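One structure is given below, encoded as structure tokens.
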Amino acid sequence: MKRNVLIIGAGGVAHVAAHKCAQNNILLGDIHIASRTVAKCEAIIASIKDKGSKHGPGRLQAHALDALDIEATKTLIRETGSQIVINVGSPFLNMSVMAACIDTGAAYLDTAIHEDPDKVCEPPPWYGNHEWKRRDACKKAGVTALLGVGFDPGVVNAYGRFALDTYFDHVESIDIIDINAGSHGRYFATNFDPEINFREFTSTVWSWEQNRWKASKMFEHRQQWEMPVVGNHTTYLTGHDELHSMSKNLGVPNIRFWMGFGDHYINVFNVLNSLGLLSEKPVRTAEGDEIVPLKVIKAVLPDPASLAPGYTGKTCIGDLVKGTKNGMPQEVLIYNICDHEESYEEVGSQAISYTAGVPVVAAAMLIANGIWDAGHMVNVEELDPAPFIEQMNRMGLVTRVRDDKGDRVLEPQRELLMLAPQEEPNSTVAFDYFAHDQAVLAKSPPSRQHDMMAERQRLTG
């Protein structure tokens, strides 16, 4: 059993993670939030108190920290007694925070692949350039290091693993589809850190096709998808974190990532990029000042967290998996729908931050109770996805599955029962499984509970 959580970062995802940790602090213990700007941490704590998110005794405290300073991070971990560190700061921090965790024995979690400030879209597999080099050190120290456990990467990795293990004998392709059908009402903004957002798109797009890496240009390949709830959307083949581990760990010959972009976003992006304003390389002004154009763009664009109050619409993110089962073609979509307004009502966040912040806390809870406390470095798809999906269902991030049997809430044990029709289901076991703790379920807004309640009623009669 591990207790006490240190959250590093104070942006939109950290905001959600802190709320969710507070909602579950009976298990997780004390909650500490650290950032270079302590006022941002204090604002998150004020939001937690305003929303009444904290559900048990324990400390809720803000700290000033430069997480690139490994010794300072180690000191804070020890002073707070934190046995779990959730790194939801900049991806530039990953290796420093991980080093501090290895030296102190704290479990480490992050939501994105490490980035070198001087390099963009590094050669694949990207994890091999940074995090995976610490595998032996984690194993020797007995430290659990769980990489990329936001939504994408993270939940989509678990969806891929669950699909492979449950619905298929052979999988030919996994297409990860990310649609934001919401509107923030601003002329132009990014849904998470603009610097990180743009760095994903300014160089080579890497996809995994026919068991090898394929290089493309951004916006070179497009695809229309008809997705649940949000409808038909245009997406573009994009390089993304999860491909760099799933390609290694799942044995699937084709894994691609598709992200939805509107014409306006593409037009603005192309103008900024053509002018050199998205460059990570410093330039010198006529006055002799050295600046990084990308950091200037970040400074003038809206803070992603500021978008939450007026955000409307929904997101749809999932894995479309194709292959065969019993010699017949099989297609399964595992996905989540998240509502911007509901996210704001519950924790004061927009849905993009919500979908990244909930999973990392669900994973922290699985580490806390020992289920995912691996004692070495792992990517999400290397772990049993069932308890992860179950935990997120209870926390307001409900997973659904669509296949030839219909569209339904994905309850892993229920799916196993459906795949074994020759066996008489144990009604007592089924009832115990679906009768989730009402106190936990009640923490989510009624709209988030609806799918789970309706499905349980249908199954238990």
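Since the model is a prediction, treat every value here as computed from it, not as a measurement. Atom set for the values below is all heavy atoms of this structure, side chains included, hydrogens, waters and symmetry mates excluded.
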query: Given the rule in the side-chain contact (heavy atoms from CB on, under 4.5 Å) test, do Leu333 and Val401 qualify, once you have shown the distances and angles that lead to the verdict?
result: CA-CA 6 Å; Leu333 175 67; Val401 58; over 6 Å; no
message: Go through it in stages, so that I can follow the logic: the residues are Gln350 and Asn191, the test is side-chain hydrogen bond (donor to acceptor under 3.5 Å, both in side chains), and I'd like the CA-CA distance, side-chain angles, deciding distance and then a yes or no.
response: CA-CA 9 Å; Gln350 36 99 333; Asn191 293 297; 4.6 Å; no
- request: Verify whether the ring centers belonging to His264 and Tyr187 lie closer than 6.0 Å.
  value: yes
query: More than 12 non-hydrogen atoms from neighbouring residues, nucleotides or ligands closer than 6.0 Å to NZ on Lys51, yes or no?
result: yes
- prompt: So how far is it from Lys74 NZ to Asp103 CG, rounded to the nearest 0.5 Å?
  reply: 4.0 Å
message: Could you measure the distance from the CD1 atom of Ile317 to the CE atom of Met227? Nearest 0.5 Å is fine.
response: 9.5 Å
query: Are the side chain of Asn393 and the backbone N or O of Leu410 linked by a donor-acceptor pair below 3.5 Å?
result: yes
- prompt: Is the backbone of Asn129 close enough, under 3.5 Å, to the side chain of Glu122 for a donor and an acceptor to pair up by distance?
  reply: no
field: Short side-chain to backbone donor-acceptor contact, Lys281 and Asp118, under 3.5 Å
entry: yes
query: In terms of heavy-atom contacts, does CZ of Arg36 have more than 12 from other residues, nucleotides or ligands at under 6.0 Å?
result: no
- request: Mark yes or no for whether Thr73, through its side chain, and Asp69, through its backbone, hold a donor-acceptor pair below 3.5 Å.
  value: yes
query: Under a 4.0 Å N-O cut-off, is there an ion pair linking Arg408 with Asp403?
result: yes
message: Salt bridge check, Arg402 against Asp407: does any charged N sit closer than 4.0 Å to a carboxylate O?
response: no
task: Please tell me if the side chains of Ile102 and Cys138 come closer than 4.5 Å, counting only heavy atoms from C-beta onward.
output: yes
task: State whether the number of non-hydrogen atoms from other residues, nucleotides or ligands found under 6.0 Å of Asp136 atom CG is greater than 12.
output: no
query: Out of curiosity, Ile113 CD1 to Glu242 CD, how far, rounded to the nearest 0.5 Å?
result: 9.5 Å
- request: Before accepting this row, confirm whether a basic side-chain N of the pair Glu346/Lys20 lies closer than 4.0 Å to the acidic partner's carboxylate O.
  value: yes
message: Determine whether a donor-acceptor pair (N or O, by modelled atom type, separation under 3.5 Å) exists between the side chain of Gln391 and the backbone of Ala362.
response: no
Heavy-atom donor-acceptor pair, Thr166 side chain to Ala163 backbone, under 3.5 Å: no
task: Compute the ring centroids of Phe201 and Phe261, then answer whether they are less than 6.0 Å apart.
output: yes
- prompt: Tell me, do Arg400 and Ile334 make a side-chain contact under 4.5 Å, heavy atoms counted?
  reply: no
- prompt: Any idea which heavy atoms bring Ser343 and Ala351 closest together, and the distance?
  reply: OG-CA, 3.7 Å
field: side-chain contact (heavy atoms from CB on, under 4.5 Å) between Met95 and Arg134, worked out
entry: CA-CA 9 Å; Met95 300 306 287; Arg134 297 279 177 87; 3.6 Å; yes
field: Minimum heavy-atom distance between Ala18 and Ile7, given as atom pair plus value
entry: CA-CD1, 3.5 Å
message: Here's one to test your reading of the geometry: is the NZ or CZ of Lys248 within 45 degrees of the ring axis of Trp208 and under 6.0 Å from its centre?
response: no
- prompt: So, does His63 use its side chain to make a donor-acceptor pair with the main chain of Ile33 at under 3.5 Å?
  reply: no
message: If you take the centroid of each ring, where Trp contributes its six-membered ring, are Phe388 and Trp372 closer together than 6.0 Å?
response: yes
- prompt: Closest approach of Val85 and Ala106, non-hydrogen atoms and distance?
  reply: CG2-CB, 4.0 Å
task: Spell out, as yes or no, whether a donor-acceptor pair under 3.5 Å connects the side chain of Asn87 to the backbone of Gly89.
output: yes
- request: Give the intermediate values and the outcome of side-chain hydrogen bond (donor to acceptor under 3.5 Å, both in side chains) for residues Asn180 and His340.
  value: CA-CA 10 Å; Asn180 176 21; His340 287 289; 2.9 Å; yes
field: Distance, nearest 0.5 Å, that separates CG of Leu146 from CG of Leu383
entry: 6.0 Å
field: Rounded distance [0.5 Å steps], NZ in Lys49 versus CD1 in Ile44
entry: 13.0 Å
message: Quick test of your reading of the model: are Glu195 and Lys295 salt-bridged, counting only N-O distances below 4.0 Å?
response: yes
Phe269 and Phe198 aromatic ring geometry - parallel, tilted or perpendicular at 30°/60° bounds: tilted
query: Is the shortest heavy-atom distance from the side chain of Gln23 to the side chain of Lys54 under 4.5 Å?
result: no
- prompt: Can you check whether Pro293's main-chain N or O pairs, donor with acceptor, with Ser279's side chain at less than 3.5 Å?
  reply: no
message: Run Ser353 and His15 through side-chain hydrogen bond (donor to acceptor under 3.5 Å, both in side chains) and show every step you take.
response: CA-CA 8 Å; Ser353 297; His15 180 103; over 6 Å; no
query: When you check the side-chain N and O atoms of Thr399 and Tyr159, is any donor under 3.5 Å from an acceptor?
result: yes
message: Please tell me whether Tyr335 and Asp319 have a donor and an acceptor in their side chains that are separated by less than 3.5 angstrom.
response: no
task: Any chance you could measure Met218, atom CE, to Met259, atom CE, to the nearest 0.5 Å?
output: 8.0 Å
message: A side-chain contact here means heavy atoms from C-beta on lying under 4.5 Å apart; do Cys316 and Asp178 qualify?
response: no
message: For the residue pair Tyr354 / Glu342, report whether a side-chain donor-acceptor contact shorter than 3.5 Å exists.
response: no
field: Side-chain donor-acceptor pair present, Asp373, Thr144, cut-off under 3.5 Å
entry: yes
- prompt: Which pair of heavy atoms, one from Leu164 and one from Leu250, lies closest together, and at what distance?
  reply: CD2-O, 3.4 Å
- prompt: Do Asn379 and Asn157 have side-chain N/O donor and acceptor atoms under 3.5 Å apart?
  reply: no
- prompt: Does the ring center of Tyr311 lie less than 6.0 Å from the ring center of His184?
  reply: yes
task: Walk me through it: do Asn4 and Thr80 pass the test side-chain contact (heavy atoms from CB on, under 4.5 Å)?
output: CA-CA 8 Å; Asn4 302 334; Thr80 58; over 6 Å; no
message: Between Arg135 (side chain only) and His376 (backbone N and O only), is there a donor and an acceptor less than 3.5 Å apart?
response: no
- prompt: Can you tell me if NZ on Lys140 sees more than 12 non-hydrogen neighbours from other groups inside 6.0 Å?
  reply: no
message: In the structure I gave you, are the side-chain heavy atoms of Glu381 and Ser245 within less than 4.5 Å of one another anywhere?
response: yes
- prompt: Are side-chain N/O atoms of Asp175 and Trp258 paired as donor and acceptor at under 3.5 Å?
  reply: yes
field: Side-chain heavy atoms of Arg256 within contact of Leu237, under 4.5 Å
entry: yes
field: Heavy-atom closest contact (Ser82 atom, Val5 atom, distance)
entry: OG-C, 3.8 Å
Minimum side-chain heavy-atom gap Pro304-Pro194 below 4.5 Å: yes
field: Minimum-distance pair of heavy atoms, taken over all atoms of Leu243 and Ser207
entry: CD1-CA, 4.1 Å
query: With a 4.5 Å limit on heavy-atom distance, are the side chains of Met98 and Glu131 in contact?
result: yes
task: Give the intermediate values and the outcome of side-chain contact (heavy atoms from CB on, under 4.5 Å) for residues Met377 and Tyr108.
output: CA-CA 9 Å; Met377 181 180 289; Tyr108 169 86; over 6 Å; no
